Structure formats: structure tokens, C-alpha cells
Chemist: 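Questions regarding the structure given below will be posed in turn.
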Amino acid sequence: MRKLPRAFYDRDTVTVARELLGTLLVHVCEGVQRVGRIVEVEAYLGPHDLAAHSSKGLTPRTRVMFGPPGHAYVYMIYGMHFCMNVVTEHQGHASAVLLRALEPVHHVQGATRGPALLCKAMGIDRRMNGHDLLSDELYIGAPRTPPPIRIVPARRIGVDYAGRWAQRLLRFYIKDNPFVSQR
DNA sequence: TGCACGATGAAC
DNA sequence: TTCATCGTGCAC
């Protein structure tokens, strides 16, 4: 499988978010290669985006978002779940794409509709925070023959506190795909 | 040093 | 609609 190069991530975050749809997330964990097709994502544009964690500035938690593109930003939410992002754009821009739902492809067990369920099913936790996505353990690949897809823009989930930023259509999912999260 | 709250999910 | 559960960021 063709591993997405650094240059893929080092672009406009909305472009990266849209083009991530249909690609394959791969995590090799304890000898097991888990693969899932990305079917739903959200773009977080940077410190000016009040829904983005990086809007709090450079802190120990948001450090990875401020780093170079093509790395995993994994954080704990509600004291019990993990969510995975892909860092985008050049160093210091502090933007990322949240992976919200997967379609199981290989060695994926359990529900994958929702950012925390996705991480659980793929075996991704805080240990993967800051991990390079050009590594052999965790990466995203392009399918050889990507099927045509229709992309639907929507409001991001759970960011009502972000004022007008909550209204922006920065969530994207594959139309009619049954693995897109409900809500 | 304390405290309110969250890019969620599941149960009721 | 409520709750589980804890790291973060910010107030004091």
C-alpha cells in the first residue's frame, strides 16, 4: 500500500481532511495489522479556530499540534476515551484533522462509529501521541483503486462552545456510508 | 493548590 | 437526559 507522504499533510487543512476520506488507517499492534477506511473527519484550523485545542496556545497538551505535519495528536477526553488527530500544515500552524469514523477493513473488532470508538477498535491510546505517521507502526495509506465517493460537509460535533466557529462546515463524511457516526 | 469542564459513549 | 472519570488550563 502506498503510504501517504509528508507533503500530503503539509497542505491546507480542509483539503487534507477531504482527501483523507477513503484512505486507509493502519496500526500494527503486537503483530496484528489493523486496517480501517476513513469515512468521517473534522478539520481544526489552528489557534484562531476557537473549537481547536490549539486556540489555548502552545501547552504541554497541544505541543504536537504545533509540531510538524504527518504526526498523530492523540488526547484523552472525558477522563476515559481517546481521540486521534492527524497534524496538518507547516510547523507552528497548529492545525489538525480529527478522525471520527472508520469502516472496518482488516482485523478491526468492535464499533468504529465515533472518534473514541475508532481509537478503541484500532488499539490507539496516549502512547501514540506524537507518533510519526510515516512510521511502519502507524500510518495512512492510499488504496490502489479508490472508489468514487460523494463528500458531505456538515457542522462539527460537540463544539457548541466555540460560537460562530461551531457553525462552520468543517466536518466531512462519505455520503451514504453506513459507518459514519450518528448524532 | 483547587476546580470546572470537555473534539464521548452508553445507559436510562 | 444523565453519568462515568481524569487531565488540562486557569483562577486564586
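The structure displayed is predicted, hence computed values, not measured ones. Numbered from 1 within each chain, the chains take letters A, B, ... in sequence-line order.
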Chemist: How long is the line joining CE of A:Met65 and P of B:dA7, in whole Å?
Modeler: 11 Å
Chemist: In chain order, what residues pass the salt bridge (charged side-chain N to carboxylate O under 4.0 Å, His left out) check against A:Arg155, with sequence neighbours excluded?
Modeler: none
Chemist: Could you pull out all residues at least two apart from A:Arg63 that satisfy salt bridge (charged side-chain N to carboxylate O under 4.0 Å, His left out)?
Modeler: none
Chemist: Which atoms of nucleotides 10-12 of chain C (N or O only) lie under 3.5 Å from a protein N or O atom, and what are those distances?
Modeler:
none

Chemist: Just to verify, what does A:Arg61 make a side-chain contact (heavy atoms from CB on, under 4.5 Å) with, not counting sequence neighbours?
Modeler: A:His53, A:Thr59, A:Tyr73, A:Tyr75
Chemist: Just the rounded figure in Å: distance from C1' of B:dA7 to CG of A:Leu45.
Modeler: 13 Å
Chemist: Looking only at side-chain N and O atoms, does A:Ser95 offer a donor or acceptor that is under 3.5 Å from a partner on A:Thr88?
Modeler: yes
Chemist: In whole angstrom, give the distance that lies between atom OH of A:Tyr75 and atom P of B:dC5.
Modeler: 18 Å
Chemist: Taking both distances under 3.5 Å as the test for a Watson-Crick or G-U pair, what stems of at least three pairs does DNA chain B have?
Modeler: B:1-6 with C:6-11, B:8-11 with C:1-4
Chemist: Distance between the P atoms of B:dC5 and C:dT2, in whole angstroms?
Modeler: 15 Å
Chemist: Give one of base, sugar-phosphate or nothing for A:Ala116, where a contact means two heavy atoms less than 4.0 Å apart.
Modeler: sugar-phosphate
Chemist: Does anything in residues 129-150 of chain A pair up under salt bridge (Lys or Arg N to Asp or Glu O under 4.0 Å), and if so which pairs, sequence neighbours excluded?
Modeler: A:Lys3-A:Asp136, A:Arg6-A:Asp132
Chemist: Quick one: list whatever passes side-chain contact (heavy atoms from CB on, under 4.5 Å) with A:Gln33, sequence neighbours left out.
Modeler: A:Val26, A:Val28, A:Val35, A:His106, A:Tyr139
Chemist: Can you check nucleotides 1-6 of chain C for protein contacts, nitrogen or oxygen pairs under 3.5 Å, and list what you find?
Modeler:
unit_1, atom_1, unit_2, atom_2, d
C:dT5, O2, A:Tyr78, O, 2.4

Chemist: Output yes when at least one side-chain N/O atom of A:Arg113 is less than 4.0 Å from OP1 or OP2 of B:dG9, else no.
Modeler: no
Chemist: If I take atom CD in residue A:Glu40 and atom C1' in nucleotide B:dT8, what distance separates them, rounded to the nearest angstrom?
Modeler: 13 Å
Chemist: Do A:Ser55 and A:Tyr44 have side-chain heavy atoms sitting under 4.5 Å apart?
Modeler: no
Chemist: With sequence neighbours left out, what residues match A:Asp160 under salt bridge (charged side-chain N to carboxylate O under 4.0 Å, His left out)?
Modeler: none
Chemist: Could you tell me the separation between the CD atom of A:Glu40 and the CZ atom of A:Arg171, rounded to the nearest 0.5 Å?
Modeler: 4.5 Å
Chemist: Over all strands shown, is A:Arg61 touching base, sugar-phosphate only, or nothing at heavy-atom distances under 4.0 angstrom?
Modeler: sugar-phosphate
Chemist: Return the set of residues passing salt bridge (charged side-chain N to carboxylate O under 4.0 Å, His left out) with A:Asp125 (not counting sequence neighbours), or none when no residue passes.
Modeler: A:Arg127
Chemist: Using a cut-off of strictly less than 4.0 Å between a heavy atom of the residue and any atom of DNA chain B, enumerate the qualifying residues of residues 120-133 of chain A by number.
Modeler: none
Chemist: In a table with atom names and distances, give each donor-acceptor pair under 3.5 Å that connects a side chain of residues 14-25 of chain A to protein atoms at least two apart or in another chain.
Modeler:
unit_1, atom_1, unit_2, atom_2, d
A:Thr15, OG1, A:Asp12, OD2, 2.9
A:Glu19, OE1, A:Arg11, NH1, 3.3
A:Glu19, OE1, A:Arg11, NH2, 2.9
A:Thr23, OG1, A:Leu20, O, 2.6

